[in-house]
Amino acid sequence: MSIELILNAVNINLVALSDQLQNLVGQVFVVFIIAVAAAEAAVGLGIIIAFYRNKETVNIDEMSLMRW
Amino acid sequence: MLDAYIPIFLFILVALGFAIFTLIVAGLVHPSRYSKVKLEPYECGIEPDTDARDRYSVRYYLVAMLFVIFDVETVFMFPWAVIMDELALFGLIEMLVFLFILVVGYVYAWRKGALEWT
Amino acid sequence: MDAFVFYLLATLILGLGIMVITARNAVHSVLFLVLNFLLVAILYVTLSAQFVAVIQVLVYAGGIVVLYLFVVMLVSLKKAPELRSDSRRVGRTGLLLAGVVLAELIAIVWFTSASSGAPPAQAAADFPPRLASDAMLNTERLGWVLYTEYLIPFEVASMLLLVAMIGAIVLAKKNL
Amino acid sequence: MLDTFVIPLLQIAVLVNAVLVAVTFLVLMERKVMGWAQARLGPMRVGPYGILQAIVDPIKLILKEDITPAKADKWVFTLAPIMSLVPALVVFSVIPFGPDPLYYVADINVGLLFIISVTSIGVYGIILGGWSSNSKYPLLASLRASAQLISYEIAVVMTLVSVVLTAGTLNMIGIVEAQREAGLWFAFIQPVACVLVFIGGLAETNRLPFDLPEAETELTGGFHTEYSGMRWALFFLAEYANIIVISAIVALMFFGGWMRPFPNVEALSFLDLVPPWVWYCGKIFFFLYIFVWIRATFPRYRYDQLMALGWKVFIPIAIGNLVLTGIAKVVL
């Protein structure tokens with residue numbers, strides 16, 4: 001979720017600048033960022049679920065193995 | 001500031017205000033005679049012995065995930081649909097390629113059984 | 001008026017952001033995230049980016065956060081993880097790095113005066129007549145830029161979504 | 001000041017009141033129609049033909065005891081009904097009841113997308129309602145309800161894209177005007193889309209035959225099992241307001257909104273004597289009646305059939321319809 005917050009901060013900047021410069025590229029970029037965020041959320045949460053199923057925890061300190 | 005949106009904000013405020021106002025009014029007039037049994041969670045009269053928020057099927061996650069992906073795809077279609085007059089054939093081919101890639105994923109999900117619910 | 005609205009929104013957004021990362025209960029945290037995103041959408045409206053604002057609500061608040069909510073409920077954290085000091089944590093280095101980034105940002109702001117003469121996008125220059133005349137047609141103009149100049153990224157994005165879908169199904173499906 | 005705040009506020013007040021009154025009478029109509037469909041009388045006691053039932057019900061709900069279960073999450077428990085009612089009402093801000101500014105609150109260029117995104121917020125009310133109760137059955141019901149909602153939303157939104165393609169705009173007024181230019185209601189140009197959106201609407205409002213989340217004859221109640229009193233009433237209001245929203249959208253996008261039938265046929269111009277908003281409300285009422293009629297007629301789906309219908313039938317049809325519309329648009 002923190003990643004989403006960070007991406008949103010970037011998006012606000014892009015939209016603000018696109019308004020300031022009267023240039024729509026910033027907004028197009030935001031649409032792409034949202035698409036990437038969706039993909040990232042789907043895969044990231046998939047990993048968390050796979051991990052939870054194997055380890056019964058989502059504590060990040062215990063995610064020391066790259067495989068199981 | 002887009003002026004057309006001011007009434008919408010007003011509408012949101014009015015709707016919120018209405019919901020909270022009715023809750024407050026109802027809170028003032030309704031009776032409150034509580035007992036321990038009345039406050040128990042509904043479980044056919046049996047005393048609950050485990051927490052309700054247990055883990056549940058991963059299918060709900062899969063549905064939500066597919067929803068998010070498809071949602072983003074449809075979002076890409078809206079700006080395309082409104083300027084189809086200008087894009088003409090070129091736009092159609094673009095969108096057919098896009099839809100083809102989407103359908104590949106859809107068929108994959110179907111074949112893998114992500115759409116099954118049994 | 002505009003400035004007041006902006007500062008009000010900015011304060012609320014920041015406050016909610018802090019609430020998101022400090023909330024003890026994961027579901028409450030997700031809730032603050034939704035409110036945060038809705039306020040960001042209002043901020044986009046004040047910046048006359050209607051389409052992006054609506055997308056923000058539709059995809060972020062209505063889609064991605066629902067996914068988060070499902071997962072937070074799925075892994076059902078019985079109790080919030082306690083605060084702990086871990087030897088492997090590198091707080092000081094992290095702070096240092098954050099400071100460096102901040103300094104960099106300040107430097108960027110400092111040394112680049114707001115040059116408003118940035119060149120407009122190639123495609124934006126030759127809008128078809130219907131779109132060029134009316135700045136209110138935000139979606140249409142955005143679509144034009146997206147589907148002419150940014151055609152390749154658009155198709156790549158669809159590939160990315162395909163890969164994400166396959167990846168997530170493979171990850172989640174092991175013993176469906 | 002007058003134009004930006006006072007007039008919209010008056011419109012909003014009228015609209016919200018109209019919706020609330022419509023909801024209470026919709027409930028009465030539902031009970032009456034169900035009664036006649038099943039060869040019984042329905043509400044009879046309060047007032048002539050039970051008409052005053054619509055006034056008595058809300059009063060009863062306000063006076064009811066409002067229970068918060070002991071283990072519930074108190075704040076979220078109160079927030080959930082609010083989060084489900086507010087989007088259901090706010091959607092009405094962009095629905096035009098007539099061609100001139102008096103009849104709509106806001107005219108925005110992304111009207112249709114606004115409606116879709118605001119309704120998608122409503123899912124939080126359901127999830128949070130079930131979660132905050134901290135009781136097993138509501139939680140399960142809320143998960144089912146939200147999974148159902150988001151499944152059908154995909155198909156409905158994709159279908160709406162093909163309507164936008166036909167109309168060439170996202171503006172709600174523009175969509176009606178496009179139907180005037182075409183000389184035909186979109187129901188005749190896009191019959192598949194029309195049926196799909198309406199059935200999807202049934203599923204999104206958790207109505208029969210898709211009312212699995214709260215199948216009252218088989219389960220207890222659904223995600224609002226633990227709710228009572230006014231908080232329950234807010235959920236109830238939201239549900240019926242959503243039914244009105246769906247009817248309004250279908251009437252607007254496929255049946256010409258406020259326009260009279262055959263808007264381009266001069267011979268029928270005497271129909272213009274009826275004001276536009278009456279036409280529109282009449283059409284909305286017609287779809288509300290169909291909602292009730294379907295409830296009285298159809299048996300309930302099974303949950304896996306329901307999800308299969310959404311994902312395996314509706315989505316392919318929606319994509320096919322979109323492709324065909326696109327090709328037709330280029331060829332013609």
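Chain identifiers are assigned alphabetically (A, B, ...) following the order of the sequence lines, protein sequences preceding nucleic acid strands; residue numbering begins at 1 within each chain. Just so you know, these numbers use all the heavy atoms, side chains as well, and skip hydrogens, waters and symmetry mates.
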Looking only at heavy atoms and a cut-off of under 4.5 Å, which of A/G44, A/A35, A/A37 has the most pairs with chain C? A/A37
With sequence neighbours excluded, residues passing side-chain hydrogen bond (donor to acceptor under 3.5 Å, both in side chains) with C/Y60: A/E4
Apply side-chain contact (heavy atoms from CB on, under 4.5 Å) to C/M159 and list each qualifying residue two or more places apart in sequence or on a separate chain. B/I101, C/L162
Under 4.5 Å from any heavy atom of chain C, what part of A/V31 do you find: side chain, backbone, both or neither? side chain
Segment of C/F51 engaging chain A (4.5 angstrom heavy-atom cut-off): side chain
Side chain, backbone, both or neither: which part of C/L67 has an atom under 4.5 Å from a heavy atom of chain A? both
Is there side-chain contact between C/Y150 and C/V145, with heavy atoms separated by less than 4.5 Å? yes
Qualifying residue, where the test is side chain to side chain contact (heavy atoms under 4.5 Å, CB included) with C/L39 and the options are C/L8, C/L16, C/T11: C/L16
